[in-house]
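One structure is given below, encoded as structure tokens.
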There are 2 protein chains.
Amino acid sequence: MGHSRDIPADLTRNQGLVLGALTGSGAPLSAYDILDQLRSEGLRAPLQIYRALDKLVERGLAHRLESLNAFVACTDAHCHRKGLIAFAICESCGKVDEFADTVIEERLAAWAGSTGFTVGRTTMEIRGRCAACLGA
Amino acid sequence: MGHSRDIPADLTRNQGLVLGALTGSGAPLSAYDILDQLRSEGLRAPLQIYRALDKLVERGLAHRLESLNAFVACTDAHCHRKGLIAFAICESCGKVDEFADTVIEERLAAWAGSTGFTVGRTTMEIRGRCAACLGA
DNA sequence: GCCGCGGCGTTATGCTATAACGTAATCAAA
DNA sequence: TTTGATTACGTTATAGCATAACGCCGCGGC
């Protein structure tokens, strides 16, 4: 029961539209990219997009890529992941790969423990070229 | 011979001023923060700051914090570090700690090897609270 | 000389994000 | 059923971050 690409039923109209734009794109979209796509649906102001994005990110349905000022839909089927997620961003085709590594998380925790730093949110973004683009 | 805080002699005036502003600050500064500080020195336009920052970052004398749209001076005395640097940013006092972890780098390399992704630049930024701020 | 290059200064513009206001729908407690 | 809290919405205006495009200048090599 349930499969990947489920879209929660309790999204508002704006949230659903924004998430749809993200999942329909093969690459990250800026808030203004999304807005342009959704003008035909009646959306007009950046805030409408940003508010929807805030909720989506809060629920783990989308992620913000700090190094791009852009957003992607979460690719994890059941987006309940807690903790560190790393994003590999292909600078050639724009595709974003999402992965988690518990060892990295442990190393981070170890560093935090040794310095007394309390870790909140952490972002890890790798820029480079994906296998497919290297082939070409 | 030589001590930490060396400022390379071959910086241009603008680059020196910008680096000075960064080293004199206990927290990250945005390009516009820097500009405001340097108006008294005759700088007027954002581009003057961005151009200097580009060079400083290129040489490893400063770092860009993607999650803040801001910049810090490199705290490493001899800033020739290659590879991954992680930044721990205290959301209370703004202080930024810089560290490197070879194990993390290895894990990243392993992931890259297994997927065929070619790693370029990678950014890792941890938001949280430093030990000093937790004490208070 | 003269040319290429890098840095500089300026104006204008574009992209990213939020403030501040009022409205409407929902829901639970009184 | 009124009340009040909460949450989303729509709009206008503004703030904050970054770069395009132009021309000038100074310097080193040829």
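Just so we're on the same page: letters track the sequence lines, and every chain starts at 1.
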* Arg59(B)/Asp54(B) ion pair, N-O < 4.0 Å ->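 Judged by the 4.0 Å cut-off on N to carboxylate O distance, Arg59(B) and Asp54(B) do not form a salt bridge.
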* Report the C-alpha separation of Val72(B) and Leu22(B) in whole Å, then their side-chain angles, then the decisive distance to 0.1 Å, and conclude whether the side-chain contact (heavy atoms from CB on, under 4.5 Å) test is met. => CA-CA 6 Å; Val72(B) 283; Leu22(B) 287 177; 5.7 Å; no
* Restricting to pairs with a member in residues 99-110 of chain A, which pass side chain to side chain donor-acceptor pair (under 3.5 Å), not counting sequence neighbours? ->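 Every pair satisfying side chain to side chain donor-acceptor pair (under 3.5 Å) with a residue in residues 99-110 of chain A: Asp101(A)-Arg107(B), Arg107(A)-Asp101(B).
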Protein-nucleotides 23-25 of chain C N/O pairs under 3.5 Å:
none

* **Contact pattern, 5' to 3', of nucleotides 6-16 of chain C - B, S or - by protein heavy atom under 4.0 Å** => -SBBBB----B
* To do: For Arg44(A), enumerate each residue passing the salt bridge (Lys or Arg N to Asp or Glu O under 4.0 Å) test, keeping only those at least two apart in sequence or located in another chain.
  =>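 Per chain and number, Arg44(A) pairs via salt bridge (Lys or Arg N to Asp or Glu O under 4.0 Å) with no residue.
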* Between Arg127(B) and Thr122(A), a side-chain donor and acceptor under 3.5 Å ->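 The criterion, which ignores hydrogens and geometry beyond distance, is not satisfied for Thr122(A) and Arg127(B).
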* Cluster link Leu65(A) to Leu108(B), ILVMFWY, side chain under 4.5 Å ->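 Hydrophobic grouping puts Leu65(A) apart from Leu108(B).
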* Asked: Between Val57(B) and Ile34(B), is there a shared hydrophobic cluster once you connect ILVMFWY residues whose side-chain heavy atoms come closer than 4.5 Å?
  ->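 Yes, one cluster joins them.
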* Aromatic ring pairing Tyr50(A)/Phe71(A), orientation class (parallel under 30°, perpendicular over 60°, tilted between) ->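 Geometry flag for Phe71(A) against Tyr50(A): perpendicular rings.
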* Starting at the 5' end of DNA chain D, what dot-bracket string do you get if Watson-Crick and G-U pairs under 3.5 Å are bracketed, crossing pairs use [ ], other-strand pairs use | and unpaired bases use dots? -> ||||||||||||||||||||||||||||||
* To do: Run the numbers on Gln15(A) and Leu19(A) for side-chain contact (heavy atoms from CB on, under 4.5 Å), then give the verdict.
  => CA-CA 6 Å; Gln15(A) 288 161 19; Leu19(A) 184 53; over 6 Å; no
* To do: For the pair Glu41(A) (side chain) and Leu38(A) (backbone), establish whether a donor and an acceptor sit closer than 3.5 Å, ignoring hydrogens and angles.
  =>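 Here the side-chain-to-backbone pair does not exist.
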* Nucleotide interval of DNA chain D bounded by contacts with chain B (heavy-atom cut-off, under 4.0 Å) ->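 Both ends considered, the range comes out as dC17(D) to dA21(D).
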* Which distance, rounded to the nearest 0.5 Å, do you find between the CD1 of Ile126(A) and the SG of Cys90(A)? ->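 Those atoms lie 12.5 Å apart.
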* Asked: When you look at Phe87(A) and His63(A), which way does the ring-ring contact (aromatic ring centres under 6.0 Å, His included) test go after all the steps?
  -> CA-CA 10 Å; Phe87(A) 299 93; His63(A) 302 291; 5.1 Å; yes
